[in-house]
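Within every chain, numbering begins at 1; the chains are lettered A, B, ... in the order of the sequence lines, protein sequences first and strands thereafter. Atom set for the values below is all heavy atoms of this structure, side chains included, hydrogens, waters and symmetry mates excluded.
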Number of protein chains: 2
Amino acid sequence: MNIQGASKQTGLPAKTIRYYEDIGLIQPDRAANGYRHFNTRDLHNLTFLARARALGFTIEDCRALLGLYEDESRASAEVKTIAQKHLQAIEEKIRDLQTMRETLSELVTSCHGDNRPDCPILSDLGGASQD
Amino acid sequence: MNIQGASKQTGLPAKTIRYYEDIGLIQPDRAANGYRHFNTRDLHNLTFLARARALGFTIEDCRALLGLYEDESRASAEVKTIAQKHLQAIEEKIRDLQTMRETLSELVTSCHGDNRPDCPILSDLGGASQD
DNA sequence: CCTTGACCTTCCTGTAACTGGAAGGCCTAT
DNA sequence: ATAGGCCTTCCAGTTACAGGAAGGTCAAGG
């Protein structure tokens with residue numbers, strides 16, 4: 001299967017697939033004319049990568065996970081450790097964003113948003129204490 | 001005030017301050033020896049930028065907001081529009097992360113995490129249907 | 001006067017994970 | 001022969017800086 005086919009089947013852009021080969025995540029064969037040829041295992045691995053990336057794992061996490069995926073003698077504890085760390089990172093990011101959201105939401109609500117220049121958003125950003 | 005002073009006062013690393021000058025967000029004067037000199041207005045603007053960045057605004061949003069901050073004849077509606085768009089983006093990111101968190105959390109819980117190789121996390125990433 | 005250490009400067013490179021685009025080869029159909 | 005739709009590689013750009021090298025400046029101490 002050529003790269004467009006692999007792209008359609010996995011949902012990954014062809015550019016991304018080439019990039020994954022570049023950085024050594026997959027090693028598709030080449031046809032005589034130089035075209036990449038994706039076999040079942042390649043397609044499996046690409047699907048795996050697509051799912052892992054969709055869950056927010058970094059490329060390096062994906063590399064490790066894919067290695068474990070292909071290693072029949074892995075210990076599931078290794079997988080769990082990676083996933084747990086990532087889960088904690090996600091939870092921290094959510095907390096950060098929620099803090100931002102609360103502040104921003106208050107500011108947006110308090111701004112009348114008309115032609116007049118006075119604006120609590122700018123006042124707050126400028127360092128004024130709010131009350 | 002020199003760059004270290006500005007850094008301490010605003011909480012921004014000196015590198016970041018130089019970068020902000022590079023991209024035209026601030027224009028501190030220069031002393032005869034070439035050192036940057038930060039006046040009150042520069043420090044105000046840097047504080048503004050630090051606060052805006054802490055709320056997750058992009059640099060380009062910051063540029064726009066700073067322009068409005070310094071424009072006495074602004075309309076607060078312009079500020080509110082930028083802030084609202086950003087708020088929506090944050091809310092979308094939170095939703096995305098929460099979706100990831102739920103999936104990941106289920107997977108982590110379901111993985112026993114020991115020496116055995118079988119692992120629901122890898123099964124799921126590999127495309128197995130979960131139940 | 002010289003040195004030392006703490007400043008300061010500019011410039012170059014690297015980060016994460018791709019995306020866009022140029023230049024050119026291959027393949028199939030008309 | 002040519003047109004189109006594939007495919008290839010390579011180079012540059014994205015975001016918001018951080019790290020580090022090479023070198024100038026300044027105040028204090030010997």
Given [options], identify the nucleotide with an atom nearest to the side chain of [X].
X: B:K15; options: D:dC17, D:dG20, D:dA18; result: D:dG20
X: B:N2; options: C:dC8, D:dA18, C:dC18; result: C:dC8
X: B:I3; options: C:dT9, D:dA16, C:dT19; result: C:dT9
X: B:Q4; options: C:dT9, C:dC8, C:dA17; result: C:dC8
X: B:T58; options: D:dA16, C:dC18, D:dT9; result: D:dA16
X: B:Y19; options: C:dG21, C:dA17, D:dC17; result: D:dC17

Report the distance from atom [atom1] of [X] to atom [atom2] of [N], rounded to the nearest whole Å.
X: A:R30; N: D:dC7; atom1: CZ; atom2: P; result: 12 Å
X: A:F38; N: D:dC6; atom1: CZ; atom2: C1'; result: 14 Å
X: B:E21; N: C:dC11; atom1: CD; atom2: C1'; result: 15 Å
X: B:L25; N: D:dA16; atom1: CG; atom2: C1'; result: 11 Å
X: B:L49; N: D:dA16; atom1: CG; atom2: C1'; result: 13 Å
X: A:I17; N: D:dT9; atom1: CD1; atom2: C1'; result: 17 Å
X: A:D29; N: D:dT8; atom1: CG; atom2: P; result: 13 Å
X: B:L55; N: D:dA16; atom1: CG; atom2: P; result: 15 Å

Is the backbone of A:L12 close enough, under 3.5 Å, to the side chain of A:S7 for a donor and an acceptor to pair up by distance?
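Side chain of A:S7 to backbone of A:L12, a donor-acceptor pair under 3.5 Å: yes, one is there.
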Determine: side-chain N/O of [X] to OP1/OP2 of [N], distance under 4.0 Å, yes or no.
X: A:R18; N: D:dT9; value: no
X: B:Y20; N: D:dC17; value: yes
X: B:R36; N: C:dC7; value: no
X: A:T16; N: C:dT19; value: yes
X: A:R63; N: C:dA17; value: no

Residue pair B:G126 / A:F48: nearest heavy atoms and the distance that separates them:
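Between these two residues, the closest heavy atoms are N-CD1, 3.7 Å.
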For B:D42 and B:H37, which I'm curious about, is there any donor-acceptor pair between the side chains at under 3.5 Å?
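There is no such pair between these side chains.
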According to side-chain contact (heavy atoms from CB on, under 4.5 Å), who are the partners of A:E92, at least two apart in sequence or on a separate chain?
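For A:E92 the side-chain contact (heavy atoms from CB on, under 4.5 Å) partners, ignoring immediate neighbours, are A:R95, A:D96.
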Applying a strict under-4.5 Å side-chain criterion to I, L, V, M, F, W and Y, I'd like to know whether B:I94 and A:L87 cluster together.
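Yes, one cluster joins them.
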Please verify the inter-ring angle class for A:Y69 with A:H44; under 30° counts as parallel, over 60° as perpendicular, anything in between as tilted.
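Judged by the thresholds at 30° and 60°, the geometry between A:Y69 and A:H44 is parallel.
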Could you pull out the protein-nucleic contacts involving nucleotides 23-26 of chain C (nitrogen or oxygen on both sides, under 3.5 Å)?
from	atom 1	to	atom 2	distance (Å)
C:dG25	N2	A:Y35	OH	3.1

If you round to the nearest 0.5 Å, how far is CD1 of A:I121 from CG of B:L65?
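Answer for the CG-CD1 pair, B:L65 versus A:I121, is 8.0 Å.
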Tell me, please, which residues at least two apart from A:R74 pass side chain to side chain donor-acceptor pair (under 3.5 Å).
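For A:R74, no residue satisfies side chain to side chain donor-acceptor pair (under 3.5 Å) once neighbours in sequence are set aside.
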Regarding A:F57, tell me which of base, sugar-phosphate or nothing describes its non-hydrogen contacts under 4.0 Å with the strands shown.
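No contact at all - A:F57 keeps every heavy atom at 4.0 Å or more from the nucleic acid.
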Describe the nucleic acid contact of B:I23 in one word from base, sugar-phosphate, nothing, applying a heavy-atom distance below 4.0 Å.
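Nothing: the residue B:I23, judged by heavy atoms under 4.0 Å, touches no strand.
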